[in-house]
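Computed from a prediction, not measured in an experiment: that's the story for all the values here.
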Amino acid sequence: MKFIIRALMLGAILSFSSMAQEVMLDRVAVIVDQGVVLESEIAALVKEVKRNAEANNQELPSDRALRTQAIERLITKNLQLQMAERMGIQISDPQLEQTIGNIAANQNASMEQLRTQLAAEGIAYDDYREDIREEIIMGEVRRANVRRRVYITPQEIDTLMGLIEQQGAEQAEYRLGHILIGFPADPTDEDIQASRERAEKVISLLESGSDFTKIAIASSSGNEALEGGDMGWLNINAMPTLFAEAVQNKEVDSLVGPIRSGAGFHILKIVDTRGIEKVTVQEVNSRHILVKPSIILSEDKAKDMLAGFKADVIAGEAEFEELAKEYSEDPGSALRGGDLGWSNPDNYVPAFKDALANLEPGEFSEPVRSVHGWHLIQLIERRVDDATDKRKEEKAYQLIFNRKFAEETENWLREMRDAAYIEVIES
């Protein structure tokens with residue numbers, strides 16, 4: 001009997017030992033405020049870094065140094081996710097799937113191809129999916145907390161725009177056609193007036209379609225007359241100041257002049273340009289009604305509600321503006337009857353942008369699902385706008401913002417870590 005009891009006790013001890021060993025496969029490695037970093041998380045991150053380094057033929061420091069860096073990365077991540085939870089930041093499954101779909105599209109791959117690629121790299125799709133969710137959440141946390149710390153003055157933007165324009169001017173080149181309607185060395189008023197009239201007549205001929213080269217050969221007093229007035233390629237900083245000021249911001253094939261100088265009246269044609277940034281954007285003027293599904297309002301009911309609104313508006317039984325004011329859940333446009341004003345379509349989420357692209361002016365979309373909810377969209381009008389100066393200003397602002405945002409992010413993360421309780425538990 002004693003033998004049996006001892007055997008049972010030994011079996012229990014062995015079983016407990018086995019269970020303890022199984023539990024010890026993972027452990028708490030770091031306490032981070034109200035959260036923890038597990039040993040398995042550290043191991044997984046180290047493994048990922050090693051895999052990427054091997055793929056890119058990069059050398060790595062010692063395992064100890066690598067582990068230290070991994071722990072720091074995971075502490076920072078854990079603190080951001082804790083803050084996200086306190087702020088109530090969540091990423092829905094539809095938003096997550098749309099983001100992953102965009103990632104695949106940017107790689108010119110389908111979702112199935114993305115899954116295959118991940119499997120080939122030994123990455124489980126569910127793990128990848130949750131990693132992306134966490135990245136989105138941390139991005140939202142950083143934007144919410146760091147953006148308000150970034151301040152950019154108009155002077156900073158103007159200064160950088162000046163540098164950008166100066167660099168652009170150093171690269172800007174024009175190929176010019178040149179006709180000079182000259183006058184004598186000591187011209188009388190009559191000589192000047194006669195030359196002016198000839199120059200204006202040449203402009204009229206050119207505007208009516210006459211060949212620039214032929215007129216230059218026949219009428220120009222310039223050195224390039226026999227070459228049809230072709231001055232070749234000139235950097236804007238190397239050409240006569242009189243010409244440089246006249247041709248700036250002009251389109252290819254534009255005629256410029258007559259421009260008076262001491263030699264006569266000059267007529268220029270911009271044959272071609274290079275090294276010049278010219279930006280045009282197609283803007284859309286649109287309006288919408290946004291309905292967000294909820295526990296009370298299902299996806300199907302929200303969609304059907306908007307379909308009913310569309311039918312009523314087309315039948316003349318309701319006004320779009322009034323429906324938007326009463327039902328739209330977009331606080332930015334509802335009070336304006338759903339009016340979104342003129343905007344670059346790239347500013348909208350992909351589903352909204354794609355719907356606008358398929359509409360003619362005045363036309364209504366079918367109900368469209370985006371990450372924000374269900375939309376009924378009407379395209380009012382399209383236009384092409386010269387956005388060169390606006391793009392330069394946006395570029396200057398974005399360059400300054402990115403630099404300051406990166407600096408402030410580092411400061412914010414350091415402050416958050418310094419204020420947190422961190423305890424590394426050595427094995």
Donor + acceptor pair across side chains of T153, E156 (<3.5 Å):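 A donor-acceptor contact under 3.5 Å links the two side chains.
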Salt-bridge criterion met for [X] and [Y] (N-O under 4.0 Å):
X    : Y    : value
R51  : E54  : no
E72  : R67  : no
R129 : D93  : yes
E408 : R148 : no
E366 : K310 : yes
K50  : D63  : yes

Return all side-chain donor-acceptor pairs below 3.5 angstrom for residues 330-340, not counting sequence neighbours, or 'none' if the list is empty.
from : atom 1 : to   : atom 2 : distance (Å)
D330 : OD1    : G332 : N      : 3.1
D330 : OD2    : H288 : NE2    : 2.9
D330 : OD2    : S333 : OG     : 2.8
S333 : OG     : H288 : NE2    : 3.4
R336 : NE     : D339 : O      : 3.2
R336 : NH1    : G332 : O      : 2.6
R336 : NH2    : G332 : O      : 3.0
R336 : NH2    : D339 : O      : 2.9
D339 : OD1    : G341 : N      : 2.9

Going by heavy atoms in the side chains, are [X] and [Y] under 4.5 Å from each other?
X    : Y    : answer
R142 : N145 : no
Q34  : E85  : no
V349 : K353 : no
E381 : W342 : yes
V32  : V36  : no
V313 : E319 : no
E130 : D127 : no
W233 : Y174 : no

Tell me if a side-chain donor or acceptor on [X] pairs with a main-chain N or O of [Y] at a distance below 3.5 Å.
X    : Y    : answer
S365 : I377 : yes
D33  : G35  : no
R27  : I425 : yes
D272 : V252 : no
N344 : N347 : no
E317 : A311 : no
R133 : I91  : yes
E410 : A406 : no
N358 : D354 : yes
S343 : P345 : no

Applying side-chain hydrogen bond (donor to acceptor under 3.5 Å, both in side chains), run through R383 and Q282 and close with a yes or a no. CA-CA 6 Å; R383 72 181 181 191; Q282 185 183 82; over 6 Å; no
Between CG on residue L323 and OG on residue S328, distance to nearest 0.5 Å: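 Spacing of CG (L323) from OG (S328) equals 10.5 Å.
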Show the numbers, then the answer: is there a side-chain hydrogen bond (donor to acceptor under 3.5 Å, both in side chains) between T116 and Q113? CA-CA 5 Å; T116 302; Q113 289 171 325; over 6 Å; no
Just say parallel, tilted or perpendicular for the rings of F401 and Y397, cut-offs at 30° and 60°.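 Parallel: the ring planes of F401 and Y397 meet at under 30°.
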Please check if atom [atom1] in [X] has more than 12 non-hydrogen atoms from other residues, nucleotides or ligands closer than 6.0 Å.
X    : atom1 : value
E360 : CD    : no
K404 : NZ    : yes
R73  : CZ    : no
E299 : CD    : yes
N223 : CG    : no

Using the rule given for side-chain hydrogen bond (donor to acceptor under 3.5 Å, both in side chains), can you reason through N411 versus E415, listing the C-alpha separation, both sets of side-chain angles and the distance that settles it, and then say yes or no? CA-CA 6 Å; N411 294 335; E415 291 167 12; 5.8 Å; no
Please report the C-alpha distance between L38 and E41 in whole Å, then the side-chain angles of each, then the deciding distance to 0.1 Å, and finally whether the side-chain contact (heavy atoms from CB on, under 4.5 Å) criterion is met. CA-CA 5 Å; L38 298 176; E41 294 179 87; 3.6 Å; yes
Contact list for residues 70-107, test ring pair (Phe, Tyr, Trp, His ring centres under 6.0 Å), sequence neighbours left out: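 Residue pairs passing ring pair (Phe, Tyr, Trp, His ring centres under 6.0 Å), neighbours aside: none found.
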How would you list all residue pairs meeting ring pair (Phe, Tyr, Trp, His ring centres under 6.0 Å) that involve residues 47-90, not counting sequence neighbours?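 As it turns out, there is no ring pair (Phe, Tyr, Trp, His ring centres under 6.0 Å) pair with a partner in residues 47-90 once direct neighbours are skipped.
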Testing the basics here: between Y128 and I100, what is the closest heavy-atom pair and its distance to 0.1 Å?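 That closest heavy-atom pairing would be CE2-CG2, 4.2 Å.
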Carefully, step by step, assess N102 and Q98 under the rule side-chain hydrogen bond (donor to acceptor under 3.5 Å, both in side chains). CA-CA 6 Å; N102 292 339; Q98 187 168 47; 5.6 Å; no
After noting the C-alpha distance and the side-chain angles of I42 and V37, does the key distance pass the side-chain contact (heavy atoms from CB on, under 4.5 Å) rule? CA-CA 8 Å; I42 300 171; V37 173; 3.9 Å; yes
Given the ring of F265, does R196 sit roughly above its face, with NZ or CZ under 6.0 Å from the centre of the six-membered ring and within 45° of the axis?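 Not flagged: R196 not positioned over aromatic ring of F265.
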Picking from Y327, Y348, F309, F352, what satisfies ring-ring contact (aromatic ring centres under 6.0 Å, His included) with H375?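 Filter result, single survivor: F352.
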Step through it carefully: locate the ring centre of H178, locate the ring centre of F243, and say whether they are under 6.0 Å apart.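 Here the rings of F243 and H178 have centres that are less than 6.0 Å from each other.
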Test side-chain contact (heavy atoms from CB on, under 4.5 Å) applied to S92 and Q95, step by step: CA-CA 5 Å; S92 66; Q95 184 178 354; 3.4 Å; yes
